2 protein chains.
Amino acid sequence: MYERKTPDHLECGIKVTAKVIGSKWKPCIIDAITRGVHRPGALQREVGLTSRRVIQLQLKELEMHGIVEKQVFPVLPQKVEYHLTPLGQSILDVLNAMNTWGEANRERYSGELEPAS
Amino acid sequence: MYERKTPDHLECGIKVTAKVIGSKWKPCIIDAITRGVHRPGALQREVGLTSRRVIQLQLKELEMHGIVEKQVFPVLPQKVEYHLTPLGQSILDVLNAMNTWGEANRERYSGELEPAS
DNA sequence: TCGTGTAGGGAAGATTTATTCCCTATTGAA
DNA sequence: TTCAATAGGGAATAAATCTTCCCTACACGA
(Lines give C-alpha, C1' and ligand atoms only; values in the text may rest on other atoms or scores of the structure.)
Protein backbone atom coordinates (compact mmCIF):
# COMPACT_ATOMS: atom_id res chain seq x y z
CA MET A 1 0.00 0.00 0.00
CA TYR A 2 1.33 3.37 -1.00
CA GLU A 3 1.73 5.85 1.80
CA ARG A 4 1.13 9.47 0.92
CA LYS A 5 3.88 11.92 1.73
CA THR A 6 1.72 14.99 1.63
CA PRO A 7 -1.52 15.36 3.58
CA ASP A 8 -4.88 15.23 1.87
CA HIS A 9 -6.53 18.59 1.38
CA LEU A 10 -10.19 17.92 1.97
CA GLU A 11 -11.22 21.41 2.98
CA CYS A 12 -13.71 21.76 0.16
CA GLY A 13 -16.30 19.27 -0.99
CA ILE A 14 -14.88 19.07 -4.47
CA LYS A 15 -11.70 17.51 -3.18
CA VAL A 16 -13.57 14.99 -1.10
CA THR A 17 -15.43 13.87 -4.19
CA ALA A 18 -12.29 13.85 -6.27
CA LYS A 19 -10.63 11.60 -3.73
CA VAL A 20 -13.43 9.08 -4.12
CA ILE A 21 -14.03 9.00 -7.88
CA GLY A 22 -10.95 10.73 -9.19
CA SER A 23 -8.91 8.04 -10.82
CA LYS A 24 -8.43 6.66 -14.25
CA TRP A 25 -10.82 3.74 -14.05
CA LYS A 26 -13.17 4.20 -11.11
CA PRO A 27 -15.85 6.03 -13.08
CA CYS A 28 -15.80 3.26 -15.71
CA ILE A 29 -16.10 0.59 -13.05
CA ILE A 30 -18.99 2.30 -11.30
CA ASP A 31 -20.69 2.78 -14.60
CA ALA A 32 -20.28 -0.87 -15.53
CA ILE A 33 -21.69 -1.97 -12.18
CA THR A 34 -24.79 0.17 -12.70
CA ARG A 35 -25.20 -1.52 -16.06
CA GLY A 36 -25.37 -4.87 -14.32
CA VAL A 37 -21.79 -6.10 -14.50
CA HIS A 38 -21.00 -7.29 -11.00
CA ARG A 39 -18.19 -9.82 -11.07
CA PRO A 40 -14.53 -8.83 -11.12
CA GLY A 41 -13.68 -10.95 -14.13
CA ALA A 42 -16.63 -9.62 -16.09
CA LEU A 43 -15.76 -6.06 -15.11
CA GLN A 44 -12.27 -6.55 -16.38
CA ARG A 45 -13.51 -7.83 -19.71
CA GLU A 46 -16.10 -5.06 -19.87
CA VAL A 47 -13.76 -2.19 -19.19
CA GLY A 48 -11.04 -3.67 -21.35
CA LEU A 49 -7.90 -1.66 -22.08
CA THR A 50 -6.58 -2.42 -18.64
CA SER A 51 -5.55 -5.40 -16.64
CA ARG A 52 -7.14 -7.65 -14.04
CA ARG A 53 -4.86 -6.23 -11.38
CA VAL A 54 -5.92 -2.68 -12.00
CA ILE A 55 -9.60 -3.53 -11.61
CA GLN A 56 -8.87 -5.38 -8.37
CA LEU A 57 -7.06 -2.41 -6.88
CA GLN A 58 -9.75 0.06 -7.84
CA LEU A 59 -12.53 -2.17 -6.54
CA LYS A 60 -10.72 -2.46 -3.25
CA GLU A 61 -10.49 1.30 -2.91
CA LEU A 62 -14.12 1.76 -3.87
CA GLU A 63 -15.02 -0.75 -1.21
CA MET A 64 -12.91 1.03 1.42
CA HIS A 65 -14.62 4.26 0.47
CA GLY A 66 -18.04 2.73 0.93
CA ILE A 67 -19.07 3.08 -2.69
CA VAL A 68 -19.34 -0.62 -3.47
CA GLU A 69 -20.08 -3.65 -1.36
CA LYS A 70 -18.38 -6.97 -1.81
CA GLN A 71 -20.43 -10.10 -1.65
CA VAL A 72 -18.63 -13.42 -1.43
CA PHE A 73 -20.56 -16.56 -2.32
CA PRO A 74 -19.31 -19.66 -0.48
CA VAL A 75 -19.20 -21.77 -3.59
CA LEU A 76 -16.50 -23.17 -5.77
CA PRO A 77 -15.30 -22.03 -8.14
CA GLN A 78 -15.16 -18.75 -6.29
CA LYS A 79 -17.89 -16.27 -6.95
CA VAL A 80 -17.77 -12.65 -5.91
CA GLU A 81 -20.05 -9.78 -6.74
CA TYR A 82 -19.73 -6.07 -6.22
CA HIS A 83 -22.81 -3.90 -5.87
CA LEU A 84 -23.28 -0.19 -5.30
CA THR A 85 -24.10 0.85 -1.76
CA PRO A 86 -26.67 3.62 -1.19
CA LEU A 87 -23.70 5.96 -0.96
CA GLY A 88 -22.50 4.65 -4.30
CA GLN A 89 -25.93 5.26 -5.78
CA SER A 90 -25.83 8.83 -4.54
CA ILE A 91 -22.60 9.60 -6.33
CA LEU A 92 -24.19 8.74 -9.65
CA ASP A 93 -25.57 12.28 -9.71
CA VAL A 94 -22.04 13.57 -9.92
CA LEU A 95 -21.02 11.11 -12.59
CA ASN A 96 -24.09 12.02 -14.59
CA ALA A 97 -23.28 15.70 -14.39
CA MET A 98 -19.74 14.99 -15.56
CA ASN A 99 -20.97 12.80 -18.37
CA THR A 100 -23.51 15.33 -19.55
CA TRP A 101 -21.01 18.15 -19.70
CA GLY A 102 -18.40 15.98 -21.37
CA GLU A 103 -20.76 14.71 -24.03
CA ALA A 104 -21.96 18.22 -24.76
CA ASN A 105 -18.40 19.42 -25.27
CA ARG A 106 -16.64 16.36 -26.58
CA GLU A 107 -15.89 17.74 -30.06
CA ARG A 108 -13.92 20.61 -28.55
CA TYR A 109 -11.46 18.26 -26.94
CA SER A 110 -11.33 15.33 -29.28
CA GLY A 111 -8.90 16.51 -31.93
CA GLU A 112 -5.84 18.61 -31.44
CA LEU A 113 -6.38 21.41 -29.00
CA GLU A 114 -6.92 24.79 -30.54
CA PRO A 115 -6.01 27.80 -28.42
CA ALA A 116 -9.68 28.03 -27.36
CA SER A 117 -13.03 29.80 -27.13
CA MET B 1 5.66 20.86 -22.46
CA TYR B 2 5.12 17.28 -21.43
CA GLU B 3 4.21 14.91 -24.21
CA ARG B 4 1.94 12.02 -23.32
CA LYS B 5 3.11 8.54 -24.20
CA THR B 6 -0.29 6.92 -24.08
CA PRO B 7 -3.33 8.24 -25.96
CA ASP B 8 -6.18 9.98 -24.20
CA HIS B 9 -9.27 7.88 -23.72
CA LEU B 10 -12.13 10.27 -24.29
CA GLU B 11 -14.75 7.75 -25.31
CA CYS B 12 -17.10 8.68 -22.50
CA GLY B 13 -18.13 12.12 -21.36
CA ILE B 14 -16.81 11.59 -17.87
CA LYS B 15 -13.27 11.38 -19.16
CA VAL B 16 -13.64 14.49 -21.24
CA THR B 17 -14.73 16.38 -18.15
CA ALA B 18 -11.99 14.84 -16.06
CA LYS B 19 -9.42 15.98 -18.59
CA VAL B 20 -10.61 19.56 -18.21
CA ILE B 21 -11.11 19.91 -14.45
CA GLY B 22 -9.30 16.88 -13.13
CA SER B 23 -6.18 18.19 -11.52
CA LYS B 24 -5.12 19.15 -8.06
CA TRP B 25 -5.74 22.88 -8.27
CA LYS B 26 -8.00 23.65 -11.21
CA PRO B 27 -11.24 23.38 -9.24
CA CYS B 28 -9.84 25.75 -6.60
CA ILE B 29 -8.77 28.22 -9.25
CA ILE B 30 -12.11 28.17 -11.03
CA ASP B 31 -13.86 28.60 -7.72
CA ALA B 32 -11.69 31.56 -6.78
CA ILE B 33 -12.35 33.22 -10.13
CA THR B 34 -16.10 32.90 -9.63
CA ARG B 35 -15.64 34.56 -6.25
CA GLY B 36 -14.11 37.56 -7.98
CA VAL B 37 -10.40 36.84 -7.78
CA HIS B 38 -9.11 37.48 -11.27
CA ARG B 39 -5.41 38.28 -11.20
CA PRO B 40 -2.71 35.60 -11.11
CA GLY B 41 -0.95 37.02 -8.10
CA ALA B 42 -4.18 37.32 -6.16
CA LEU B 43 -5.19 33.81 -7.16
CA GLN B 44 -1.91 32.50 -5.87
CA ARG B 45 -2.39 34.20 -2.53
CA GLU B 46 -6.02 33.10 -2.42
CA VAL B 47 -5.40 29.45 -3.10
CA GLY B 48 -2.32 29.37 -0.91
CA LEU B 49 -0.57 26.08 -0.20
CA THR B 50 0.96 26.09 -3.63
CA SER B 51 3.36 28.19 -5.61
CA ARG B 52 3.09 30.92 -8.20
CA ARG B 53 4.39 28.59 -10.86
CA VAL B 54 1.71 26.00 -10.27
CA ILE B 55 -1.05 28.57 -10.67
CA GLN B 56 0.50 29.82 -13.89
CA LEU B 57 0.60 26.34 -15.40
CA GLN B 58 -2.95 25.55 -14.45
CA LEU B 59 -4.26 28.86 -15.74
CA LYS B 60 -2.53 28.23 -19.03
CA GLU B 61 -4.19 24.86 -19.39
CA LEU B 62 -7.58 26.24 -18.43
CA GLU B 63 -7.11 28.88 -21.08
CA MET B 64 -6.14 26.30 -23.71
CA HIS B 65 -9.23 24.32 -22.78
CA GLY B 66 -11.44 27.36 -23.24
CA ILE B 67 -12.51 27.57 -19.62
CA VAL B 68 -10.94 30.90 -18.83
CA GLU B 69 -10.06 33.89 -20.93
CA LYS B 70 -6.94 35.93 -20.45
CA GLN B 71 -7.17 39.68 -20.60
CA VAL B 72 -3.95 41.66 -20.78
CA PHE B 73 -4.07 45.33 -19.86
CA PRO B 74 -1.41 47.39 -21.67
CA VAL B 75 -0.28 49.16 -18.55
CA LEU B 76 2.73 49.00 -16.33
CA PRO B 77 3.18 47.41 -13.95
CA GLN B 78 1.69 44.51 -15.84
CA LYS B 79 -1.92 43.74 -15.24
CA VAL B 80 -3.61 40.55 -16.32
CA GLU B 81 -7.03 39.21 -15.52
CA TYR B 82 -8.58 35.82 -16.05
CA HIS B 83 -12.33 35.46 -16.42
CA LEU B 84 -14.57 32.48 -17.02
CA THR B 85 -15.80 32.00 -20.57
CA PRO B 86 -19.39 30.87 -21.15
CA LEU B 87 -17.97 27.36 -21.40
CA GLY B 88 -16.30 27.91 -18.05
CA GLN B 89 -19.58 29.07 -16.57
CA SER B 90 -21.25 25.92 -17.84
CA ILE B 91 -18.85 23.65 -16.04
CA LEU B 92 -19.81 25.18 -12.71
CA ASP B 93 -22.78 22.80 -12.68
CA VAL B 94 -20.33 19.92 -12.45
CA LEU B 95 -18.26 21.57 -9.77
CA ASN B 96 -21.38 22.31 -7.77
CA ALA B 97 -22.51 18.70 -7.99
CA MET B 98 -19.09 17.57 -6.79
CA ASN B 99 -19.08 20.08 -3.99
CA THR B 100 -22.55 19.15 -2.81
CA TRP B 101 -21.78 15.46 -2.66
CA GLY B 102 -18.45 16.05 -0.98
CA GLU B 103 -19.87 18.33 1.68
CA ALA B 104 -22.66 15.87 2.41
CA ASN B 105 -20.16 13.06 2.93
CA ARG B 106 -17.12 14.85 4.24
CA GLU B 107 -17.17 13.28 7.70
CA ARG B 108 -16.86 9.82 6.21
CA TYR B 109 -13.55 10.65 4.60
CA SER B 110 -12.00 13.13 6.96
CA GLY B 111 -10.45 10.88 9.57
CA GLU B 112 -8.81 7.57 9.05
CA LEU B 113 -10.67 5.38 6.61
CA GLU B 114 -12.81 2.73 8.17
CA PRO B 115 -13.51 -0.35 6.07
CA ALA B 116 -16.86 1.25 5.14
CA SER B 117 -20.64 1.34 5.17
C1' DT C 1 -1.18 -34.64 -14.61
C1' DC C 2 -1.91 -30.59 -17.11
C1' DG C 3 -4.57 -26.78 -18.52
C1' DT C 4 -8.71 -23.95 -17.68
C1' DG C 5 -11.60 -21.03 -14.96
C1' DT C 6 -12.41 -18.37 -10.58
C1' DA C 7 -10.38 -14.28 -7.15
C1' DG C 8 -6.49 -12.03 -5.09
C1' DG C 9 -1.85 -9.79 -4.14
C1' DG C 10 3.59 -8.45 -3.88
C1' DA C 11 7.00 -6.01 -6.05
C1' DA C 12 9.07 -3.47 -9.54
C1' DG C 13 8.87 -0.34 -13.18
C1' DA C 14 6.74 3.16 -16.31
C1' DT C 15 4.07 7.12 -16.78
C1' DT C 16 1.87 11.19 -15.36
C1' DT C 17 1.40 15.03 -12.39
C1' DA C 18 2.95 18.36 -9.05
C1' DT C 19 6.54 21.18 -7.06
C1' DT C 20 10.78 23.72 -6.47
C1' DC C 21 14.52 26.56 -7.90
C1' DC C 22 16.19 29.95 -10.59
C1' DC C 23 15.95 32.79 -14.44
C1' DT C 24 13.63 36.86 -17.78
C1' DA C 25 11.52 41.75 -18.10
C1' DT C 26 9.29 46.11 -16.53
C1' DT C 27 8.17 50.20 -13.28
C1' DG C 28 8.04 52.75 -9.11
C1' DA C 29 9.50 53.67 -4.48
C1' DA C 30 13.14 53.95 -0.91
C1' DT D 1 21.22 51.67 -7.01
C1' DT D 2 18.61 48.35 -4.81
C1' DC D 3 14.36 46.30 -3.54
C1' DA D 4 9.45 45.52 -4.05
C1' DA D 5 5.74 44.44 -7.08
C1' DT D 6 3.82 42.85 -11.57
C1' DA D 7 3.58 38.32 -15.00
C1' DG D 8 5.89 34.48 -17.08
C1' DG D 9 8.83 30.29 -18.12
C1' DG D 10 12.90 26.40 -18.40
C1' DA D 11 14.68 22.60 -16.25
C1' DA D 12 15.14 19.34 -12.78
C1' DT D 13 13.22 16.76 -9.20
C1' DA D 14 9.61 14.81 -6.11
C1' DA D 15 5.42 12.58 -5.60
C1' DA D 16 1.51 10.11 -7.03
C1' DT D 17 -0.68 7.00 -10.01
C1' DC D 18 -0.97 3.33 -13.23
C1' DT D 19 0.67 -0.96 -15.31
C1' DT D 20 3.08 -5.28 -15.90
C1' DC D 21 4.96 -9.54 -14.39
C1' DC D 22 4.75 -13.23 -11.57
C1' DC D 23 3.13 -15.54 -7.70
C1' DT D 24 -0.93 -17.93 -4.33
C1' DA D 25 -5.13 -21.10 -3.90
C1' DC D 26 -9.13 -23.81 -5.34
C1' DA D 27 -12.02 -27.12 -8.43
C1' DC D 28 -13.29 -28.98 -12.75
C1' DG D 29 -12.50 -31.33 -17.26
C1' DA D 30 -9.52 -33.57 -20.64
Side-chain angles (χ1 to χ4, degrees), chain A residues 1-10 15 18-29 33 37-65 68-83 115, chain B residues 1-10 15 18-29 33 37-65 68-83 115:
Chain A
M1 202 54 166
Y2 177 75
E3 195 156 336
R4 294 185 64 83
K5 299 189 181 169
T6 59
D8 268 338
H9 300 305
L10 299 178
K15 293 200 179 168
K19 180 187 174 73
V20 176
I21 57 169
S23 81
K24 191 164 179 181
W25 300 108
K26 286 200 190 103
C28 299
I29 292 173
I33 292 177
V37 184
H38 299 293
R39 302 183 60 180
L43 282 165
Q44 193 256 307
R45 287 186 294 273
E46 176 76 13
V47 172
L49 294 168
T50 190
S51 71
R52 208 170 59 243
R53 182 83 177 108
V54 172
I55 302 290
Q56 294 281 9
L57 288 174
Q58 302 298 304
L59 280 171
K60 198 172 169 188
E61 281 187 24
L62 287 170
E63 192 194 0
M64 288 200 313
H65 287 158
V68 302
E69 206 161 25
K70 181 179 177 178
Q71 198 176 353
V72 181
F73 294 86
V75 299
L76 281 164
Q78 297 188 331
K79 179 175 174 182
V80 171
E81 283 189 4
Y82 289 89
H83 290 265
Chain B
M1 202 56 168
Y2 176 74
E3 196 157 335
R4 294 183 64 82
K5 297 188 181 170
T6 58
D8 269 337
H9 300 305
L10 299 178
K15 294 200 179 168
K19 181 186 173 73
V20 176
I21 57 169
S23 80
K24 192 164 178 179
W25 300 109
K26 286 201 189 103
C28 299
I29 292 172
I33 292 177
V37 184
H38 299 292
R39 302 183 60 179
L43 282 166
Q44 193 258 307
R45 287 187 294 273
E46 177 75 16
V47 172
L49 295 168
T50 189
S51 70
R52 209 171 57 245
R53 181 84 176 109
V54 172
I55 302 291
Q56 295 280 10
L57 288 174
Q58 302 298 304
L59 281 171
K60 198 172 167 187
E61 281 187 23
L62 286 171
E63 192 194 0
M64 287 200 314
H65 287 159
V68 302
E69 206 161 25
K70 181 178 178 177
Q71 197 177 354
V72 181
F73 294 86
V75 299
L76 281 164
Q78 298 187 331
K79 180 174 173 181
V80 170
E81 283 188 5
Y82 289 89
H83 290 266

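All chains are named by letter (A, B, ...) in the order of the sequence lines, taking the proteins before the strands, and each is independently numbered beginning at 1. As the structure is a prediction and not an experimental result, all values here were calculated from the model.
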Identify the pairs formed between an N or O of the protein and an N or O of nucleotides 15-18 of chain C at a distance under 3.5 Å, and give each distance.
from	atom 1	to	atom 2	distance (Å)
dT16(C)	OP1	Lys5(B)	N	3.2
dT16(C)	OP1	Thr6(B)	N	2.9
dT16(C)	OP1	Thr6(B)	OG1	2.7
dT16(C)	OP2	Tyr2(B)	OH	2.3
dT16(C)	OP2	Lys5(B)	N	2.9
dT16(C)	O5'	Tyr2(B)	OH	3.2
dA18(C)	OP1	Lys24(B)	N	2.7

**Prompt:** Is the phosphate of dC18(D), meaning OP1 or OP2, less than 4.0 Å from a side-chain N or O of Arg53(A)?
**Reply:** no
**Message:** Strictly below 4.0 Å: does Gln56(A) bring a side-chain N or O up to OP1 or OP2 of dG9(C)?
**Reply:** no
Taking atom [atom2] of [N] as reference, at what distance in whole Å does atom [atom1] of [X] sit?
| X | N | atom1 | atom2 | answer |
| --- | --- | --- | --- | --- |
| Gln78(B) | dT6(D) | CD | C1' | 6 Å |
| Arg45(A) | dT4(C) | CZ | C1' | 13 Å |
| Phe73(A) | dG8(C) | CZ | C1' | 18 Å |
| Glu63(A) | dA7(C) | CD | P | 14 Å |
| His38(A) | dA7(C) | NE2 | P | 14 Å |
| Glu61(B) | dG8(D) | CD | P | 15 Å |

**Distance-minimising heavy-atom pair for Val68(B) and Leu59(B)** = CG2-O, 4.0 Å
**Asked** Which nucleotide, dT6(D), dC22(C), dG10(D), lies nearest any side-chain atom of Arg52(B)?
**Response** dC22(C)
**N/O donor-acceptor pair under 3.5 Å between Arg39(B) side chain and Gly41(B) backbone** = no
**Message:** Looking at Thr50(B), is its backbone amide N or carbonyl O close enough to the side chain of Gln44(B) to form a donor-acceptor pair, meaning the two atoms are under 3.5 Å apart?
**Reply:** yes
**Asked** Which class fits the ring pair His38(A) and His83(A): parallel under 30°, tilted 30 to 60°, perpendicular over 60°?
**Response** parallel
**Asked** Where each residue is assigned the nucleotide of DNA chain C containing its nearest heavy atom, which of Val72(A) and Leu57(A) is assigned the position nearer the 5′ end?
**Response** Val72(A)
**Asked** Of Leu49(B) and Met1(A), whose nearest nucleotide on DNA chain C comes first from the 5' end?
**Response** Met1(A)
